[in-house]
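Down below is the structure, laid out as structure tokens.
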Amino acid sequence: MEVLGYGYRLADMEVELSRHVLTFAEKQRREFELICAALRRAGAAFDPAEISFDPTKESSRKAFLRHLNQFPENRRFFSSDETWQSSKAFTREEIYNPESRLYVDEAPLYPDVRTAVEMIHRSGGIAFLAHLYIYAHAPEFRRRLWEIVREFGLDGVECAHSAFTAEQILDLNGFCREHGLLRSGGSDYHGSRKPGVSLGTGRGQLDITEEYLKEWPGDKRRGWETDGILPPPQV
């Protein structure tokens with residue numbers, strides 16, 4: 001489960017990150033060891049000494065998938081052709097999926113949800129549950145969504161995302177209206193690693209309405225107002 005933060009004070013968040021979050025390179029090195037342990041438990045064919053990648057630039061998961069593909073006998077550990085061929089599907093449906101034979105518990109690599117929300121709040125920001133419908137356990141998370149929001153003190157939910165259907169967007173919009181929660185949306189832009197997804201625009205049913213931002217507290221919208229995206233709040 002991932003959390004989005006908006007409207008925080010950058011200097012304060014940098015302090016929080018230094019205290020609670022691994023650098024990208026350190027995260028890749030630690031994840032490498034966790035994946036090795038998971039593959040050994042599963043009985044997969046692989047040689048750690050032959051897996052080469054730059055931890056300052058590349059995900060260890062991509063490097064592992066390239067390497068595992070060199071051994072056709074490893075296909076039996078994968079749930080589909082897509083996860084065997086796509087690093088994105090491999091990550092979401094194998095590495096992050098507790099029901100997969102290749103599951104890796106990556107909790108030690110990240111702050112937990114409560115800590116992430118507290119980091120955002122201490123930095124003056126607002127916290128949202130990210131892209132609910134792309135998780136392996138999305139049906140369970142949706143069923144428990146109000147419980148999750150209350151348990152972790154979330155301010156809102158990401159309602160629009162490039163991977164969501166129109167029905168899913170409508171569902172989350174309705175949920176937030178019913179419970180008085182803030183809404184956000186995003187294309188999930190990650191640079192050239194995600195072809196077809198640009199900053200602010202995405203695939204399919206993505207429609208990030210200005211109404212989302214108009215619901216936010218005025219001091220959380222300042223960055224958007226200076227770009228002319230929204231009029232200043234009425235005083």
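Taking the six-membered ring for Trp, Phe64 and Phe32 have ring centres closer than 6.0 Å. Checked against the 6.0 Å centroid criterion, the rings of Tyr96 and Tyr135 do not qualify as a close aromatic pair. Between Trp216 and Phe128, the distance separating the two ring centers is shorter than 6.0 angstrom.
Using a 4.5 Å heavy-atom threshold, the side chains of Cys176 and Leu182 count as separate. Counting heavy atoms from C-beta on, the side chains of Pro108 and Arg30 never come closer than 4.5 Å. In this structure the side chain of Leu68 reaches within 4.5 angstrom of the side chain of Phe90, judged on heavy atoms. No side-chain heavy atom of Asn69 sits under 4.5 Å from any side-chain heavy atom of Asn74. Using a 4.5 Å heavy-atom cutoff, the side chains of Glu2 and Leu129 are not in contact. Between Phe164 and Leu170 there is no side-chain heavy-atom pair separated by less than 4.5 Å. Contact annotation: the side chain of His137 approaches that of Glu99 to within less than 4.5 Å [non-hydrogen atoms, C-beta and beyond]. Residues Gln70 and Glu50 are not in side-chain contact: their nearest non-hydrogen atoms beyond the backbone lie 4.5 Å or more apart.
Listed for the Arg101 side chain is no donor-acceptor partner under 3.5 Å among the backbone atoms of Arg41. Between the side chain of Asp155 and the backbone N or O of Ile126 there is no donor-acceptor pair closer than 3.5 Å. With hydrogens and angles ignored, the 3.5 Å screen pairs no side-chain donor or acceptor of Glu26 with any backbone N or O of Thr23.
Closest heavy-atom contact between Arg75 and Asp81: NH2-OD1, 2.8 Å. Of all non-hydrogen atoms in Pro111 and Val21, the two that sit nearest each other are CG-CG2, 3.8 Å. Residue Ser123 comes nearest to Glu16 through the heavy atom pair OG-CG, 3.6 Å, listed as atom of the first residue, atom of the second, then distance. Heavy atoms only, all atoms of each residue included: Ile169 and Ala160 are closest at CG1-CA, 4.2 Å. Ala44 and Phe77 get closest at one heavy-atom pair: CA-CE1, 3.6 Å. Smallest separation of non-hydrogen atoms from Gln28 and Pro55: CG-O, 3.5 Å.
Summarising the geometry, atom CG belonging to Leu4 is positioned 6.5 Å from atom NE2 belonging to His131; distances are rounded to the nearest 0.5 Å. Between the CZ atom in Arg143 and the CD atom in Glu140 there is a gap of 5.5 Å [rounded to 0.5 Å]. The structure places SG of Cys36 at 5.5 Å from CD1 of Ile51, a figure rounded to the nearest 0.5 Å. Within the model, atoms OG of Ser59 and CD1 of Ile95 stand 9.0 Å from one another, a figure rounded to the nearest 0.5 Å. Note that the CD atom of Glu151 and the CH2 atom of Trp146 stand 13.0 Å from one another [nearest 0.5 Å]. Here OG of Ser162 is found 10.0 Å from CD1 of Ile134. Values are rounded to the nearest 0.5 Å.
Heavy atoms from other residues, nucleotides or ligands lying under 6.0 Å from CZ of Phe78 number more than 12.
Hydrophobic clustering, with ILVMFWY side chains joined whenever heavy atoms are under 4.5 angstrom apart, keeps Tyr110 apart from Phe141. In this structure, Phe71 is not a member of the same hydrophobic cluster as Ile35, with clusters built from ILVMFWY side-chain heavy atoms closer than 4.5 Å. Residues Leu109 and Leu102 fall within the same hydrophobic cluster, defined by Ile, Leu, Val, Met, Phe, Trp and Tyr side chains chained together at heavy-atom separations under 4.5 Å. No single ILVMFWY cluster, assembled from side-chain heavy atoms under 4.5 Å apart, contains both Leu34 and Tyr103. Taken together through direct or relayed side-chain contacts under 4.5 Å among Ile, Leu, Val, Met, Phe, Trp and Tyr, Val3 and Leu22 form parts of separate hydrophobic clusters.
A salt bridge does not link Arg61 to Glu94: none of the charged nitrogens lies less than 4.0 Å from a carboxylate oxygen. Salt-bridge annotation for Lys62 and Glu58: absent, with no side-chain N of the basic residue lying under 4.0 Å from a carboxylate O of the acidic one.
Donor-acceptor pairing under 3.5 Å is lacking for the side chains of His67 and Asp47. For the 3.5 Å distance criterion, the side chains of Glu93 and Thr83 fail to qualify, holding no donor opposite an acceptor.
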Under the criterion side chain to side chain contact (heavy atoms under 4.5 Å, CB included), I'd like the reasoning laid out for Phe175 against Asn173: C-alpha separation, chi angles, the key distance, then a yes or no.
CA-CA 5 Å; Phe175 175 86; Asn173 280 332; over 6 Å; no
Given Glu33 and Arg29, is the salt bridge (charged side-chain N to carboxylate O under 4.0 Å, His left out) satisfied, shown in steps?
CA-CA 7 Å; Glu33 297 302 325; Arg29 286 190 283 266; over 6 Å; no
For Met13 and Ile120: C-alpha separation, side-chain torsions, deciding distance, then whether side chain to side chain contact (heavy atoms under 4.5 Å, CB included) applies.
CA-CA 7 Å; Met13 179 56 75; Ile120 294 166; 4.0 Å; yes
Yes or no on side chain to side chain contact (heavy atoms under 4.5 Å, CB included) for His161 and Tyr133, after CA distance, side-chain angles and deciding distance?
CA-CA 9 Å; His161 183 275; Tyr133 279 112; over 6 Å; no
Kindly determine whether His20 and Thr115 satisfy side chain to side chain contact (heavy atoms under 4.5 Å, CB included), including the steps that lead there.
CA-CA 8 Å; His20 298 287; Thr115 300; 4.0 Å; yes
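Applying the salt bridge (charged side-chain N to carboxylate O under 4.0 Å, His left out) test to pairs two or more places apart or on separate chains, those with a residue in residues 171-183 are Arg142-Asp171, Arg183-Glu215.
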